[in-house]
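What you see is a predicted model, and the numbers here were worked out from it, not measured in a lab. Values reported hereafter were calculated over all heavy atoms of this structure, with side chains retained and with hydrogens, waters and symmetry mates removed.
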Amino acid sequence: MQDLAGETVALPAHPARIADLWFAHNELLVMLGGAGYIRMTVDRPETTPWMFKLAPVLHQATQIRGQANPEALLAEGIDLAFVSSPRSALPFRRLGIPTLAMEFQDAEGLMQAVSLTADAIGSTAAQTVARRYNHELVQVMAGLHQRLGGLTEAQRPRVLHIESLVPLRVDGGGTLIDQWIHLAGGRNAAASVKGSKQPVDFEQVLAWQPDIIIVGASAAKTDQVAANAWWQSLPAVRQGRVYRDPLGIFPWDRYGSEFLLQLQWAAKILHPERFRDLDMPAVAHRFYADYFLHDLSEADIRRMLQGMPPAS
């Protein structure tokens, strides 16, 4: 089997002991029914609380903090590992551990990652879910294009996506974040900066003059932006268009399957007049019921949309 970096890797037919060493990828395994196979994970209840709420079996997995030790995976009998980059895969492959590099930067890469993960699990049920998810994602993107494809450049607001406020880091061009901003009918104010989590100073933000600011769920609260005298000079802050990203099994804005939800949420944030009929709580409720087999309460969905963890 070829991973997303094009490397051919020999895999067991039905891996039973998986180490998932890329934070974003764990939720793909959970969605595809593979949570019970995860014996080692880099995710933790304090950083991804919804993941552990919807997949409590992960509490039984070894939670890796810091750099994963290849010898520890070998001792644990790991028969498949997932990592982000080809470079990250090398230490594990040297010890004979089948390892797949899964990093992607766009929707096409996400769909390939979903399909590849289902094939790696070797389950017909996983492959069925993967096909259904990919089909729905294509439909959602087509629907957004139908509603927003005719927008002029001037009708597309300048959107700044902030991954961290202290230190100040933004998501630039060539990223999945850049793509969902565009698909949702916006322009990435930071498109000239390439890559995700890029450090910038406030002078650069001031030059961009964003119309809308979206703050990642893992960053500080949005009221810290609105209360800052420097930030109050920006159009987004003056017009009250500063938003906090939803927090789900993984942050919606980043590299997971909730990208499907982020697209719709962002489109409604950017163009509320064009998406009055879009009921995001209902969309989110159905998504988690369909793909994660959980009937979340209205309170749960509300907390997710507000970027909050589960109620204690």
Side-chain angles (χ1 to χ4, degrees), residues 23-24 26-28 30-31 43 45-55 107 110 133 136-137 140-141 143-144 157 159-165 169-171 175-186 188 196-197 212-226 236 240-272 275-292 294-312:
F23 301 94
N26 282 258
E27 82 158 338
L28 297 191
V30 174
M31 180 179 78
D43 281 311
E46 60 267 32
T47 55
T48 53
W50 287 107
M51 184 182 297
F52 282 77
K53 176 180 172 68
L54 270 66
L110 169 59
Y133 175 86
E136 183 173 357
L137 179 53
V140 166
M141 290 191 292
L144 292 180
V159 180
L160 179 65
H161 190 264
I162 297 175
E163 182 270 334
S164 167
L165 280 164
R169 293 194 299 257
V170 302
D171 290 302
T175 63
L176 190 70
I177 293 86
D178 182 67
Q179 188 178 34
W180 65 247
I181 289 173
H182 179 78
L183 290 170
N188 187 354
S196 61
K197 303 183 181 181
I212 294 174
I213 293 174
I214 298 177
V215 181
S218 58
K221 293 182 178 179
T222 54
D223 55 12
Q224 295 188 19
V225 174
R241 303 205 71 186
V242 180
Y243 305 94
R244 185 175 178 82
D245 251 310
L247 174 67
I249 293 176
F250 199 69
W252 284 18
D253 56 307
R254 307 214 73 80
Y255 292 76
S257 59
E258 286 150 308
F259 174 73
L260 188 153
L261 294 175
Q262 177 72 10
L263 283 173
Q264 299 171 83
W265 176 86
K268 183 153 187 166
I269 290 292
L270 271 57
H271 299 282
F275 291 92
R276 290 192 181 95
D277 61 324
L278 181 58
D279 183 345
M280 275 312 302
V283 169
H285 183 273
R286 184 193 59 77
F287 175 86
Y288 292 108
D290 284 357
Y291 294 108
F292 292 91
H294 272 264
D295 182 16
L296 293 176
S297 69
E298 289 183 14
D300 284 337
I301 297 296
R302 184 166 58 250
R303 292 182 72 87
M304 283 184 167
L305 288 168
Q306 292 172 349
M308 298 171 64
S312 59

Evaluate side chain to side chain contact (heavy atoms under 4.5 Å, CB included) for Asp300 paired with Lys53, printing each intermediate quantity in order. CA-CA 11 Å; Asp300 284 337; Lys53 176 180 172 68; 3.9 Å; yes
Between the side chain of [X] and the main-chain N/O of [Y], is any donor-acceptor distance below 3.5 Å?
X: Arg303; Y: Pro309; value: yes
X: His285; Y: Leu296; value: yes
X: Lys268; Y: Met280; value: no
X: Trp180; Y: Asp253; value: yes
X: Glu27; Y: Ser257; value: yes

Tell me, do [X] and [Y] make a side-chain contact under 4.5 Å, heavy atoms counted?
X: Pro281; Y: Arg302; result: no
X: Phe23; Y: Thr48; result: no
X: Val30; Y: Leu54; result: no
X: Leu305; Y: Trp252; result: yes
X: Trp265; Y: Tyr243; result: yes
X: Phe250; Y: Leu28; result: no

Under the side-chain hydrogen bond (donor to acceptor under 3.5 Å, both in side chains) rule, what do Glu258 and Tyr291 come out as? Steps first, then yes or no, please. CA-CA 10 Å; Glu258 286 150 308; Tyr291 294 108; over 6 Å; no
For a side chain to side chain contact (heavy atoms under 4.5 Å, CB included) check, start with the C-alpha distance between Leu137 and Leu263, then their side-chain angles and the critical distance, and finish with the verdict. CA-CA 9 Å; Leu137 179 53; Leu263 283 173; 3.8 Å; yes
Over all heavy atoms of both residues, which pair between [X] and [Y] is shortest? Give the atoms and the distance, please.
X: Ala107; Y: Phe259; result: CB-CE2, 3.8 Å
X: Phe52; Y: Asp43; result: CZ-O, 3.6 Å
X: Pro272; Y: Arg241; result: CD-NH2, 4.1 Å
X: Lys197; Y: Asp171; result: N-OD1, 3.1 Å
X: Leu144; Y: Ala267; result: CD2-CB, 3.7 Å
X: Leu270; Y: Ala184; result: CD2-O, 3.6 Å

Any chance you could lay out the salt bridge (charged side-chain N to carboxylate O under 4.0 Å, His left out) test for Arg254 and Asp245, step after step, and finish with the verdict? CA-CA 10 Å; Arg254 307 214 73 80; Asp245 251 310; over 6 Å; no
Got a sec: does the CD of Glu298 have more than 12 other heavy atoms crowding it under 6.0 Å?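 No.
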His294 atom NE2: more than 12 heavy-atom contacts under 6.0 Å: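 Yes.
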Straight-line distance of [X] [atom1] to [Y] [atom2], nearest 0.5 Å:
X: Glu136; Y: Leu260; atom1: CD; atom2: CG; result: 5.0 Å
X: Arg244; Y: Ile162; atom1: CZ; atom2: CD1; result: 12.0 Å
X: Leu278; Y: Arg276; atom1: CG; atom2: CZ; result: 13.0 Å
X: Leu183; Y: Leu176; atom1: CG; atom2: CG; result: 9.0 Å
X: Asn188; Y: His161; atom1: CG; atom2: NE2; result: 9.5 Å
X: Arg286; Y: Asp279; atom1: CZ; atom2: CG; result: 11.5 Å

Decide side chain to side chain contact (heavy atoms under 4.5 Å, CB included) for Ile301 and Phe287; before the verdict, give the C-alpha distance in whole Å, the side-chain angles of both, and the deciding distance to 0.1 Å. CA-CA 11 Å; Ile301 297 296; Phe287 175 86; over 6 Å; no
Passes side chain to side chain contact (heavy atoms under 4.5 Å, CB included), Ile177 versus Tyr255? Steps please. CA-CA 8 Å; Ile177 293 86; Tyr255 292 76; 3.8 Å; yes
